[in-house]
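In what follows, residues are counted from 1 in the order of the sequence shown. Everything numeric in this text was worked out from a predicted model, so none of it was measured.
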Amino acid sequence: LLVAGAILYFFFVRVVTVGHNAMAPTVMLGDQILVWRTQSFELGDMVLCPHPSEQGRYVLGRIVGPPGDTISMDRGMLHINGQVPDNDLHDPIRWLDPETGRIRTMLWGVEDILDHDHYFFREDGRRVPEMRSHRVQGGAYLLSDNRSYLGEDSRDFGEVPEVMCIGKVFMRLTAAESPPEIGNSWLDILE
């Protein structure tokens, strides 16, 4: 088992500790996640890629737009090629953001991107995140699941070449504290 574990670790899987809440509530600050090393990605996958402009830094994001797609956000809702993905909105929750120490009221729900269901967040009562229409050219367009978190996705640094990406997130190994409504736990399979 040790040999098999070592082979998996060195050749197929990377363990990453999440350093911010850009992908909350799917993964939270302090979660340890497993990334399957691959170069094969689909719309809706959560991927780990080198930051396109900051050497030695990595970004986590969800692929919401491959080349040729048009991405935008209107009234806080994602649009892919003019269509809003199916979603199920829930009642707002109060969330103690461990990154800032502030209690925030978050709107949240489950969104379906190409049969990948995942949570998304956005802060209630603040300016709703907007994004002008962007036609994806030659890379992957990454978006944070926490739509109010700016600076850690393609809205800030542009498209990411898929060939540079390390792999896709497939499991939460350990879980940091999450809102009880979300219920993140250890050894969760993530899509």
Side-chain angles (χ1 to χ4, degrees), residues 14 16-29 31-52 57-74 76-90 106-123 129-131 133-172 175-176 178 182 184 188-191:
R14 183 171 182 164
V16 175
T17 300
V18 178
H20 51 70
N21 280 315
M23 289 302 291
T26 309
V27 295
M28 313 283 269
L29 173 70
D31 282 357
Q32 284 190 321
I33 56 176
L34 299 179
V35 177
W36 188 260
R37 295 173 198 226
T38 183
Q39 292 294 300
S40 176
F41 305 108
E42 294 179 351
L43 188 65
D45 285 344
M46 185 182 354
V47 298
L48 177 70
C49 307
H51 194 288
R57 193 160 167 253
Y58 295 91
V59 295
L60 274 175
R62 187 164 311 278
I63 297 177
V64 296
D69 280 6
T70 301
I71 309 302
S72 63
M73 251 196 299
D74 183 33
M77 298 306 293
L78 173 65
H79 292 249
I80 302 172
N81 296 322
Q83 301 293 312
V84 175
D86 289 338
N87 61 66
D88 182 16
L89 293 173
H90 298 276
M106 303 300 286
L107 298 174
W108 70 288
V110 178
E111 188 171 60
D112 178 3
I113 298 178
L114 197 64
D115 297 325
H116 288 268
D117 286 342
H118 66 275
Y119 292 117
F120 67 95
F121 251 2
R122 76 171 192 261
E123 195 164 1
E130 300 287 333
M131 182 176 72
S133 183
H134 173 82
R135 183 172 170 82
V136 181
Q137 299 300 314
Y141 197 93
L142 304 181
L143 186 62
S144 300
D145 287 350
N146 182 348
R147 306 289 162 75
S148 297
Y149 199 105
L150 300 176
E152 291 293 331
D153 63 22
S154 291
R155 293 176 289 179
D156 182 54
F157 51 71
E159 299 171 20
V160 176
E162 282 189 37
V163 296
M164 299 299 290
C165 293
I166 294 164
K168 61 183 167 181
V169 177
F170 72 95
M171 178 181 264
R172 179 182 301 103
S178 70
I182 306 296
N184 292 350
D188 279 344
I189 300 296
L190 303 171
E191 289 194 70

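No side-chain donor-acceptor contact under 3.5 Å links Asp153 to the backbone of Gly61. In this structure, the side chain of Asn87 engages the main chain of Pro85 through a donor-acceptor pair within 3.5 Å. A donor-acceptor contact shorter than 3.5 Å links the side chain of Glu159 to the backbone of Gly138. Gln137 places a side-chain N or O within donor-acceptor distance of the main-chain N or O of Arg135, the cut-off being under 3.5 Å.
Between Met23 and Arg62, some side-chain heavy-atom pair lies under the 4.5 Å cut-off. Taking the side chain as every heavy atom from C-beta outward, Leu142 and Ser154 approach each other to under 4.5 Å. Side-chain contact between Ile166 and Tyr58 is present, with heavy atoms from C-beta onward closer than 4.5 Å. Using a 4.5 Å heavy-atom threshold, the side chains of His134 and Met73 count as separate.
Nearest heavy atoms, Gly139 versus Pro67: O-CD, 3.4 Å. Val35 approaches Val169 most closely through the heavy-atom pair CG2-CG2, 4.1 Å. In plain terms, the two heavy atoms of Leu43 and Gly65 that are nearest each other are CD1-N, 3.6 Å. Of all heavy-atom pairs between Arg147 and Arg155, the closest is O-NH1, 2.9 Å. Here the closest heavy-atom approach between residue Pro25 and residue Phe120 is recorded as CD-C, 4.0 Å. Closest non-hydrogen pair, Val136 versus Pro66, comes out as CB-O, 3.3 Å.
In this structure, His90 and Trp108 have parallel ring planes: the angle between them is below the 30° cut-off, well short of the 60° mark.
Rounding to the nearest 0.5 angstrom, the gap separating the SG atom in Cys165 from the CZ atom in Arg37 is 14.0 Å. One finds the CE atom of Met131 at 6.5 Å from the CD1 atom of Ile71 (value rounded to the nearest 0.5 Å). Between the CD1 atom of Ile33 and the OG1 atom of Thr26 there is a distance of 10.5 Å, given to the nearest 0.5 Å. Atom CD of Gln32 sits about 12.0 Å away from atom CZ of Arg172, to the nearest 0.5 Å. Taking CG from Leu78 and OG from Ser72, the interatomic distance works out to 7.5 Å, rounded to the nearest 0.5 Å. Atoms CG and CG, on Leu190 and Asp31 in that order, are 8.0 Å from each other to the nearest 0.5 Å.
Shown here are the side-chain contact (heavy atoms from CB on, under 4.5 Å) partners of Gln39, two or more places apart in sequence or in another chain: Val163. In this structure Tyr149 satisfies the ring-ring contact (aromatic ring centres under 6.0 Å, His included) test together with His20, sequence neighbours excluded. Under the rule for a ring-ring contact (aromatic ring centres under 6.0 Å, His included), His79 has no partner lying at least two apart in sequence or in another chain. Every residue two or more places apart in sequence or in another chain that forms a side-chain contact (heavy atoms from CB on, under 4.5 Å) with Leu29 is listed here: Asn21, Pro98, Glu99. Legend: residues meeting salt bridge (charged side-chain N to carboxylate O under 4.0 Å, His left out) with Glu152, ordered by chain and number and at least two apart, are Arg57. Residues meeting the side-chain contact (heavy atoms from CB on, under 4.5 Å) test with Met171, sequence neighbours left out: Leu34, Leu187, Ile189.
A side-chain contact (heavy atoms from CB on, under 4.5 Å) with Tyr119 holds for exactly one of Ile182, Asn146, Asp145, Val27; it is Ile182. For the pairing with Lys168, the side-chain contact (heavy atoms from CB on, under 4.5 Å) check across Leu48, Ile63, Thr38 returns one residue only, Thr38.
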